[in-house]
Amino acid sequence: MMTDPIADMLTRIRNSLSSGGSHCVVPGSKLKVSILDAMKREGFIDDYEVHADGCRSSIRVNFKFGPEGERVISTIARFSKPGCRRYRGVEDLPRVRGGHGIAVISTNQGVLSDRECRQRRVGGEVLCTVD
């Protein structure tokens with residue numbers, strides 16, 4: 001049994017990017033779709049597609065590249081872990097690479113980027129950081 005499906009998704013993305021892939025496939029869940037949605041809104045991934053076959057679903061994540069083919073995502077890391085949940089108020093949200101990256105936060109208003117959290121004045125559990 002997998003103890004941290006979010007870390008598994010981030011690792012699959014990281015491995016696929018480092019091997020030069022243009023996409024990766026991860027097992028599906030509503031939380032993963034919400035995280036990918038926040039990454040898409042902030043411009044870190046191009047798109048994602050949810051494929052359902054029976055009771056299982058999978059998500060194909062299409063990566064975004066710059067004008068010269070460089071990767072948009074340079075690092076992606078888990079912040080809060082199942083063994084050590086890390087919650088932050090809106091004033092204490094991490095600034096990733098001075099605002100060039102994002103932190104993905106699970107709030108009572110859904111999964112949002114740190115930028116969206118500051119606009120709405122909400123905090124929550126910091127799931128991961130992307131830059």
Side-chain angles (χ1 to χ4, degrees):
M1 185 185 139
M2 191 182 315
T3 57
D4 192 359
I6 306 302
D8 176 67
M9 177 182 77
L10 300 178
T11 300
R12 286 175 190 236
I13 291 172
R14 194 179 313 113
N15 289 345
S16 185
L17 280 168
S18 67
S19 69
S22 63
H23 70 277
C24 74
V25 178
V26 297
S29 78
K30 289 180 183 176
L31 181 59
K32 291 177 188 176
V33 168
S34 300
I35 292 170
L36 292 170
D37 205 39
M39 289 170 62
K40 183 180 175 183
R41 283 194 309 270
E42 293 292 332
F44 282 93
I45 61 171
D46 192 34
D47 200 8
Y48 63 89
E49 304 154 15
V50 180
H51 301 283
D53 47 319
C55 61
R56 296 208 181 269
S57 68
S58 62
I59 308 168
R60 178 188 161 115
V61 182
N62 299 315
F63 303 130
K64 193 172 194 176
F65 296 94
E68 275 93 55
E70 69 274 12
R71 301 182 318 200
V72 172
I73 297 174
S74 57
T75 59
I76 184 166
R78 187 77 156 108
F79 194 85
S80 178
K81 298 178 173 73
C84 181
R85 303 279 183 197
R86 295 163 86 180
Y87 299 92
R88 297 287 188 266
V90 67
E91 300 83 20
D92 302 324
L93 291 175
R95 288 204 182 271
V96 182
R97 260 186 56 210
H100 290 289
I102 61 164
V104 180
I105 296 110
S106 176
T107 71
N108 59 358
Q109 299 179 17
V111 177
L112 306 170
S113 71
D114 58 338
R115 200 171 292 118
E116 294 166 323
C117 283
R118 287 188 186 92
Q119 288 172 350
R120 298 185 190 194
R121 303 292 302 158
V122 293
E125 182 184 357
V126 183
L127 298 173
C128 63
T129 58
V130 186
D131 74 68

remark   = Closest heavy-atom pair, Lys64 versus Phe44, reported as atoms and distance to 0.1 Å, is CB-O, 4.0 Å

message = Side-chain heavy atoms nearer than 4.5 Å, only ILVMFWY residues, links allowed to pass through others: does that put Leu31 and Val104 together?
response = yes

ask   = When you measure from the side chain of Arg14 to the backbone N and O of Ile76, does any donor-acceptor pair fall under 3.5 Å?
value = yes

key: Expected output: side-chain Ser16 to main-chain Arg12 donor-acceptor under 3.5 Å   = no

request  = Only counting residues at least two apart or in another chain, list the ones meeting salt bridge (Lys or Arg N to Asp or Glu O under 4.0 Å) with Glu49.
outcome  = none

remark   = Closest non-hydrogen contact found for Val72 with Gly66 is CG2-N, 4.1 Å

inquiry  = Any side-chain to backbone donor/acceptor pair from Glu91 onto Gly89? Under 3.5 Å, distance only.
reply    = no

task = Spell out, yes or no, whether Val61 and Met9 are grouped together once hydrophobic residues are joined by side-chain heavy atoms under 4.5 Å, including indirect joins.
result = yes

message = Applying side-chain hydrogen bond (donor to acceptor under 3.5 Å, both in side chains) as the test, list every pair that has at least one member in residues 97-108; sequence neighbours left out.
response = Arg97-Asp131

remark   = When rounded to the nearest 0.5 Å, the distance separating CG of Asn15 from SG of Cys24 is 9.0 Å

task = Evaluate the side-chain proximity of Ile73 to Ile45: yes if any heavy-atom separation is below 4.5 Å, no if none is.
result = yes

inquiry  = Less than 4.5 Å apart, side chain to side chain, heavy atoms only: is that true for Val126 and Arg86?
reply    = no

message = Using a 3.5 Å distance criterion without hydrogens, assess whether the side chain of Arg85 forms a donor-acceptor pair with backbone atoms of Ser80.
response = no

inquiry  = Testing the basics here: between Arg115 and Gly99, what is the closest heavy-atom pair and its distance to 0.1 Å?
reply    = NH2-O, 3.3 Å

ask   = Would Thr129 and Ile102 satisfy side chain to side chain contact (heavy atoms under 4.5 Å, CB included), going step by step from the backbone distance to the final call?
value = CA-CA 6 Å; Thr129 58; Ile102 61 164; over 6 Å; no

key: Side chain proximity check, Leu17 to Phe63, heavy atoms < 4.5 angstrom   = yes

ask   = Any side-chain heavy atom of Ile105 sitting closer than 4.5 Å to one from Ser113?
value = no

ask   = Mind checking whether Glu42 and Lys40 have side chains closer than 4.5 Å, heavy atoms only?
value = no

request  = Kindly indicate, with the supporting measurements, whether the criterion side chain to side chain contact (heavy atoms under 4.5 Å, CB included) is fulfilled by Val96 and Val130.
outcome  = CA-CA 8 Å; Val96 182; Val130 186; over 6 Å; no

inquiry  = Do Leu36 and Val50 make a side-chain contact, defined as non-hydrogen atoms from C-beta onward lying under 4.5 Å apart?
reply    = no

query = Which heavy atom of Asp4 sits nearest a heavy atom of Pro82, and at what distance?
reply = OD2-CD, 3.4 Å

task = Give the minimum heavy-atom separation between Arg78 and Leu127, together with the two atoms involved.
result = NH1-O, 3.1 Å

message = Taking atom CZ as the centre, does Arg56 end up with more than 12 heavy-atom neighbours from other residues, nucleotides or ligands that are less than 6.0 angstrom away?
response = no

query = Given side chains that start at C-beta, do those of His51 and Arg60 come closer than 4.5 Å, heavy atoms only?
reply = yes

request  = Taking all non-hydrogen atoms of both residues into account, name the closest pair between Pro94 and Asp114 and its distance.
outcome  = O-OD2, 3.3 Å

Separation of Leu93 CG from Cys117 SG (nearest 0.5 Å) = 5.5 Å

ask   = Between Ile59 and Val33, is any pair of side-chain heavy atoms under 4.5 Å apart?
value = yes

ask   = Can you list every pair that meets salt bridge (charged side-chain N to carboxylate O under 4.0 Å, His left out) and has a residue in residues 28-39, with sequence neighbours left out?
value = Asp37-Arg41

